[in-house]
Amino acid sequence: MALTGIPLILLMATATGAAGVATGWVWRRGGRLRPAVRTVAVLLVEVLTVLTAALGVNRHEQFYPSWQALRGDTGTIAIAERRPAGRLDDRVHAGPLIWRPPALAAWHLAGPPTVWLPHDYRERPGDAFPVVLDLTGPGDRDAGPGDRDAGPGDRGAGSRRTPDAVTVTIAPTATTTASALRDLPAALGHDLRVTTTAGWDVVGDEPLAAAFVAAAPAGLAVLDQPVTALPPALAAPLRLPSRVVAS
Amino acid sequence: MSTVLSLAAVLVTAAVLALGWSRARALGRSALVVLSLLSVVAAVAVQVNRLTEAYPTGAVAVTAAAGPTGSRLLTVTVAGPASRLTLPMYVYLPAAYRTGTGRFPVIEALHGYPGTPLTWLRKLNVQSTLDREIAAGRMAPAIVLLPYQTPERLLDTECTNLHDGPQAETFLTADVPAFARTHYRVRTDRAGWGLTGYSAGAFCAINLALRHPRQYAAAASLSGYAEPGIDVGDGSQNTTNNPGWRLRHLPQPAIALWLGWAGDDIESARDSRRLAAAVHRPLALTTALVAHGGHSSAVWRQMEAPAFDWLSAHLARPLP
């Protein structure tokens, strides 16, 4: 019988009425046990009345639509999915990585992207890192680490390492388009442990960077924000059955 | 304790009714009946209050629950010059706050109606949940503010500025942030501020994020609604204080929303789906579905950790 169904409420109301009638009947009976019988009868009527009212309120408000809900059974478990290793995780080292994904040719870049990883990338195998996508071109590929930990004033200086983020520097050409680069986040997510739903900072070549942000799924990328505004690198979150709506 | 006392009162009044009925006259019998009824009403009220924490009983543990190096839960009073409201607030400080001089992202966690932040503390165990998620690396250390939203426990503000009434929105979006900036090492930029809430608090989180996108970067709704369900007094419950209307009629802000609901929570599920359907870029949406559980704390306990994890992934990191 459903917790919020009319039959249960009717049953309880009927039981309440019957208990009331029975209370009237036993009121002058019971002999020496009369006080106890009366007390039990009164309590029974009170309990049934409260239960009937509670069922009515619950039916109206739908706080607990089922017996399962009343028991606290949600039928769902939040799961922290294991963060898969990036395809290139075993090959990363201290210096910059020349990244040659399968889709590289379709991006029409001047050369393969350069990827700088955070110092502790290897020490945090369960974490996914935010991304700084630098569209300024190859620039000074020999630049040392630690140059991207300040604000936007440091933008556009070429390949640099960003604390707690993966930095990808690409060299666009005249034929590079934002739509061609749309699968870059997924490709990077396949090869390295990076966030693919939020936490991308895009800097550099202004029209292309803006177009990339506009073409990316909503919420993924922000144009030229301070590096300190990036989200942290995190372990795989607890997730419920969910979907990201990309519009 | 109040539960035991109220149930004892029901028992005693029933016994007195049974014993005294034959000895009393009409007036006395009426008094006995009224007494019994009152005891039952009182017992029911105590249980409803236990569920909602509208009038919390007993002291809240406000000392460090995780030891001398662990997180802390503080009780403070926010005197709001902008709203002219003075209300208590609980403040969660992560363990990392004890060391260093860094500035932390902030999440305002809002309660339902009727209710108080005590539901977050007692039924949703927010402190241990945050400790666990931070320790697991699924969430960055953050300061969580748990403010009261109304000066009168049974006055439903839905976190709005009621016409000729409490200015709850101003309190939550101006006074509480100002208090946090003054008293704690918090990030002051929009990227570091988020909102969450359950039930009416979930409505609040969505509505305030949509209304103040320059202050909040993300909001997570646990069983929320598309409209306030109250009369704000200026008709705005149908327009600017109505997220459904805002999403359909106003430009959508570049914020991120997490909408969670239980499949059998009819009203919240319908409203959340309606909101989700109206969202378009630049607003980013994530949805989360709990199979069943209705509109209850069991559902919110299930959503709580995933919502905080998601918020952390959409808010700026702690500043060193």
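Letters A, B, ... mirror the listed sequences (proteins, then strands); counts begin at 1.
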Inset, instruction - Using atom types as modelled and distance alone, determine if a side-chain donor or acceptor of B:His292 lies under 3.5 Å from a backbone N or O of A:Ala69. - result: no
Inset, instruction - Using non-hydrogen atoms and a 4.5 Å limit, figure out which bit of B:Glu133 sits close to chain A: side chain, backbone, both or neither. - result: side chain
Inset, instruction - May I ask you to name which of A:Gln62, A:Arg28, A:Arg34 has the most heavy-atom pairs under 4.5 Å with chain B? - result: A:Gln62
Inset, instruction - Give a yes-or-no answer on whether the side chains of B:Arg103 and A:Thr228 include a donor-acceptor pair shorter than 3.5 Å. - result: no
Legend entry - Largest heavy-atom contact set with chain B, pairs under 4.5 Å, which of A:Ala214, A:Gly72, A:Ala53: A:Ala214
Legend entry - Residue selection (most heavy-atom pairs with chain A, distance under 4.5 Å) from B:Ala191, B:Ala313, B:Ala305: B:Ala313
Inset, instruction - Mark yes or no for whether B:Arg317, through its side chain, and A:Pro231, through its backbone, hold a donor-acceptor pair below 3.5 Å. - result: yes
Inset, instruction - State whether the side chain of B:Arg281 and the backbone N or O of A:Ala215 hold a donor-acceptor pair below 3.5 Å, judged by distance alone. - result: no
Inset, instruction - Flag the one option from B:Arg187, B:Met139, B:Arg301, B:Arg190 with the top tally of heavy-atom pairs under 4.5 Å to chain A. - result: B:Arg187
Legend entry - Closest non-hydrogen atom pair, B:Ser22 against A:Arg38: OG-NH1, 3.1 Å
Legend entry - Considering all heavy atoms, the nearest A:Thr39-B:Ala18 contact: OG1-CB, 3.3 Å
Inset, instruction - State, without any angle test, whether B:Gln302 and A:Thr74 hold a side-chain donor-acceptor pair at a distance under 3.5 Å. - result: yes
Legend entry - Closest non-hydrogen atom pair between A:Pro65 and B:Gly293, with its separation: CD-C, 4.4 Å
